[in-house]
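Along the sequence shown, the residues carry numbers beginning at 1.
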Amino acid sequence: ADDMGWGEVGLYPAGSVHGRIATPNLDKFGNEGIVFSNAYAGYTVCAPSRTTFFTSRHSGNFVKHGLPGTTLPVNLNVTTTAQVLKKAGYNTAASGKIAPLVSPLQQGFDYFVGQVSQMDAHNMYPDRIDQQTSPEQVPFALNLPLNNKTKNRELCMATPDAYNYTVDLFQANGMRFIDELAGKPDPFFLYLAFTVPHAGGWTDTGKEQGAPVPTDLQYAPHLGDWPDVEVDHAAVITYMDKYIGDLMDKMHSLGIDNNTVIFFASDNGAHLEGGHSYKFFNSTGGLNGHKRSLYEGGVRSPTMARWPGTIQPGRTSDFQWAFWDAMPTFADMAGVPPESLPAEIDGLSILPTLLGQTQEEHEYMYFTWDGAGEVLDTPEMWASSGTGSGYGVRQGQWKGVVPFCNDTVHMKPSMADNMMLFDLNADPFETTDVSGANQDKTASLKQLVMSKNLTCTCFQC
């Protein structure tokens, strides 16, 4: 999912005066597998987060390894998660938002239909999407003639069959890829990347006008009582949830349920764009912050995994892991030895946790951003965040937040950094800074990240 808050799946703790958004299929998904309460996206905004997924490196190491953070040009020769699986004999397909990759068939995928540009992905009713049919070709336009006419919220909802909605197309192609790949003798990997509930629009300008969705479903009676954008926001999540149910049904109908593992996650925390308020449905589940924040609400993901017959159903886990663990985890499942992976990656395999076994833990979790994000309640206030960038670091129960690194020349953590400290066991919503009473811990966290030669450079700021 794109910009889905930690509290927007029914199995996660949340609640608001407007009730809960219905996610019956995701709830079924989690109940049949494992629900992670302390899993993280890769970053607090889209492209850097997905960069961590495809490279197994967190943002503190992007500069060290020459990663732009917002794109992965082919000439960088970066090994991607898809390439690892392709080399291991997997057939690979991607449907939907593919950034930061720029040429999916040169970067590990056999099939691709979707949107390469992040800006294009803001439009859910474009006049074209992208496809690529051979590595020698650059992604080219797949025209959508139904959208070559006047488009707006009213028209697209009044006659939804008269338009092409990208979420429908990504789902259809994902299901088509599964049908094709499941019939082959080799295993397959599908990356299905929806562009919702990210804010979007009905124009080809990339402007975020609201939460485009063909129908308001059971939320339509709230029109007039709730802002239109909030009705649409709830509807688009439940709309996507239906497709998750279709995905599970597909696994069952093809007889591949028990030897297929599915992960569900969001690329960052709840957004506050296109007129939507993350507070309306308590989208963060009470976590402080939101998309574009170093606090937990900006980076915690409603992550779940389902593998019937292998993952014990009904499990919950507080194990801490993040997008950069995808590559070594998938490689472990595919029988790829760790020494075959790129050197000095930040990820580790969480396969032991999935299997209910003893698991190696991360020494730390690390994210960078421009300011802590606690005052950014509206897009108009983003400019007030200051200059420079900072970082968040978690080690066990302790979370350190440095809004702005003191070293503005080398952009690296230092002992001079002003660090807030939160005890996430006692204070999961990061309401009370306890750095004053725990100066030894703030010092040790600073020393830790300094010893790793990390930067606090911000990406897609």
> What closest approach, in Å, do Phe264 and Pro302 show between heavy atoms, and which atom pair accounts for it?
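Smallest interatomic distance, heavy atoms only, reads CD2-O, 3.5 Å.
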> State plainly whether the residues Lys250 and Asp179 are in salt-bridge range, i.e. N to O under 4.0 Å.
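Looking at Asp179 together with Lys250, the answer is yes, because their closest N to O distance falls below 4.0 Å.
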> Strictly distance-based, threshold 3.5 Å: is any side-chain N or O of Asp267 a donor or acceptor partner for the main-chain N or O of Asp3?
yes
> Going by distance alone, is a donor N or O of one side chain under 3.5 Å from an acceptor N or O of the other, for Thr353 and Gln359?
yes
> Decide if atom NZ of Lys441 counts as having more than 12 heavy atoms of other residues, nucleotides or ligands within a radius under 6.0 Å.
yes
> Report yes or no: does Ser283 contribute a side-chain atom to a donor-acceptor pair with the main-chain N or O of Gly5 at less than 3.5 Å?
no
> Of the options Asn164, Asn143, Leu144, which is the one that meets Ile129 in a side-chain contact (heavy atoms from CB on, under 4.5 Å)?
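Single pass found, and it is Leu144.
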> Mark yes or no for whether Asp127, through its side chain, and Asn147, through its backbone, hold a donor-acceptor pair below 3.5 Å.
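Not a single qualifying donor-acceptor pair exists.
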> Taking all heavy atoms of Pro126 and all of Gln115, pick out the closest pair and write down the distance.
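Heavy atoms only, the tightest pair is CG-NE2, 4.0 Å.
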> Sub-3.5 Å donor-acceptor pair from the side chain of Thr52 to the main-chain atoms of Ser49, do we have one?
yes
> Drop me the distance from Phe29's CZ to Met248's CE, to the nearest 0.5 angstrom.
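The CZ atom of Phe29 sits 7.0 Å away from the CE atom of Met248.
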> Can you tell me if Asp241 and Asn25 form a side-chain donor-acceptor pair at under 3.5 Å?
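On atom types as modelled, these side chains qualify, holding a pair under 3.5 Å.
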> Testing the basics here: between Gly200 and Met124, what is the closest heavy-atom pair and its distance to 0.1 Å?
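Taking every non-hydrogen atom into account, CA-SD, 3.8 Å.
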> Can you label the angle between the Phe189 ring and the Tyr191 ring as parallel, tilted or perpendicular, going by 30° and 60°?
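Tilted: the ring planes of Phe189 and Tyr191 meet at 30° to 60°.
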> Ring centroid separation for Tyr165 and Phe170, is it under 6.0 angstrom?
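No.
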> Using atom types as modelled and distance alone, determine if a side-chain donor or acceptor of Ser103 lies under 3.5 Å from a backbone N or O of Leu105.
no
> Does the side chain of His58 come under 3.5 Å of the side chain of Tyr40 through a donor N or O and an acceptor N or O?
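Absent: no donor and acceptor within the cut-off.
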> Hey, are Asn123 and Asp204 close enough side-chain-wise for a donor-acceptor pair under 3.5 Å?
yes
> Do the side chain of His271 and the main chain of Tyr278 share a donor and acceptor less than 3.5 angstrom apart?
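It does not hold such a pair.
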> Let me see the working for His198 and His233 under ring-ring contact (aromatic ring centres under 6.0 Å, His included), right down to the final yes or no.
CA-CA 9 Å; His198 194 296; His233 181 83; over 10 Å; no
> Is it the case that atom CG in Asn152 sees more than 12 heavy atoms from other parts of the structure closer than 6.0 Å?
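It does: Asn152 CG has more than 12 such atoms within range.
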> Before you tell me yes or no, could you show the steps for Asp2 and Arg50 under salt bridge (Lys or Arg N to Asp or Glu O under 4.0 Å), namely the whole-Å CA-CA distance, both residues' side-chain angles and the distance that decides it to 0.1 Å?
CA-CA 11 Å; Asp2 198 345; Arg50 295 160 192 255; 3.7 Å; yes
> Would you call the rings of Tyr111 and Phe177 parallel, tilted or perpendicular if under 30° counts as parallel and over 60° as perpendicular?
tilted
> Is there a donor-acceptor pair under 3.5 Å between the side chain of Asp325 and the backbone N or O of Leu348?
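Yes; judged by distance alone, with no hydrogens or angles, the pair exists.
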> Under the salt bridge (Lys or Arg N to Asp or Glu O under 4.0 Å) criterion, do Lys399 and Asp423 qualify, and how do the steps go?
CA-CA 6 Å; Lys399 170 77 173 291; Asp423 180 350; over 6 Å; no
> Under 3.5 Å, is there a donor on one side chain and an acceptor on the other for Tyr239 and Asp168?
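Tyr239 vs Asp168: donor-acceptor pair found between side chains.
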> With rounding to the nearest 0.5 angstrom, report the CD to CD1 distance, Glu230 to Ile21.
8.5 Å
> Have Asp232 and His276 got a donor and an acceptor in their side chains that come within less than 3.5 Å?
no
> Measure across Ser317 and Ile34 and return the closest heavy-atom pair with its distance rounded to 0.1 Å.
CB-CD1, 3.7 Å
> Can you establish whether the number of heavy atoms outside Glu361 located under 6.0 Å from its atom CD is more than 12?
no
> With rounding to the nearest 0.5 Å, note down the distance linking OG1 in Thr284 to CG in Leu272.
11.0 Å
> If I take atom CG from residue Leu354 and atom CZ from residue Phe319, how far apart are they, to the nearest 0.5 angstrom?
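These two atoms lie 9.5 Å from each other.
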> If I compare all heavy atoms of Asp216 with all of Val231, which pair ends up nearest, and what's the gap?
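Looks like CG-CG1, 3.5 Å.
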> Does Gln107 reach the main-chain N or O of Leu72 with its side chain, forming a donor-acceptor pair under 3.5 Å?
yes
> Sub-3.5 Å donor-acceptor pair from the side chain of Thr368 to the main-chain atoms of Cys456, do we have one?
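Here the side-chain-to-backbone pair does not exist.
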> Quick one: are the ring centres of Phe459 and Trp369 less than 6.0 Å apart?
no
> For Thr51 versus Pro100, what's the shortest heavy-atom pair and its separation?
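In terms of heavy atoms, the two residues are closest at OG1-CG, 3.4 Å.
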> Relative to the ring of Phe367, is the ring of Trp324 parallel (under 30°), tilted (30 to 60°) or perpendicular (over 60°)?
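Trp324 vs Phe367 ring planes: tilted.
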> Kindly compute the distance separating CD (Gln171) from CG (Leu247), expressed to the nearest 0.5 Å.
6.5 Å
> Which is it for Phe263 and Phe323 under the ring-ring contact (aromatic ring centres under 6.0 Å, His included) test, yes or no, and what are the steps along the way?
CA-CA 11 Å; Phe263 291 85; Phe323 273 20; over 10 Å; no
> Is Thr303 reaching over with its side chain to a backbone N or O of Ala265, donor-acceptor style, under 3.5 angstrom?
no
> Can a side-chain donor-acceptor contact be found between Asp27 and Thr23 if the only test is distance below 3.5 angstrom?
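Present: a donor and an acceptor within the cut-off.
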> Taking atom types as modelled, find out whether Asn268 and Arg292 have a side-chain donor-acceptor pair closer than 3.5 angstrom.
no
> Looking only at side-chain N and O atoms, does Asp346 offer a donor or acceptor that is under 3.5 Å from a partner on Asn61?
yes
> Using side chain to side chain contact (heavy atoms under 4.5 Å, CB included), reason through Tyr391 and Asp417 one step at a time and then give a plain yes or no.
CA-CA 10 Å; Tyr391 61 91; Asp417 290 338; 3.0 Å; yes
> Do the charged groups of Glu8 and Arg20 touch, with an N to O distance under 4.0 Å?
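Looking at Arg20 together with Glu8, the answer is no, because their closest N to O distance does not fall below 4.0 Å.
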> Under 6.0 Å from the ring centre and within 45 degrees of the ring axis: does the NZ or CZ of Lys149 meet both conditions for the six-membered ring of Tyr163?
yes
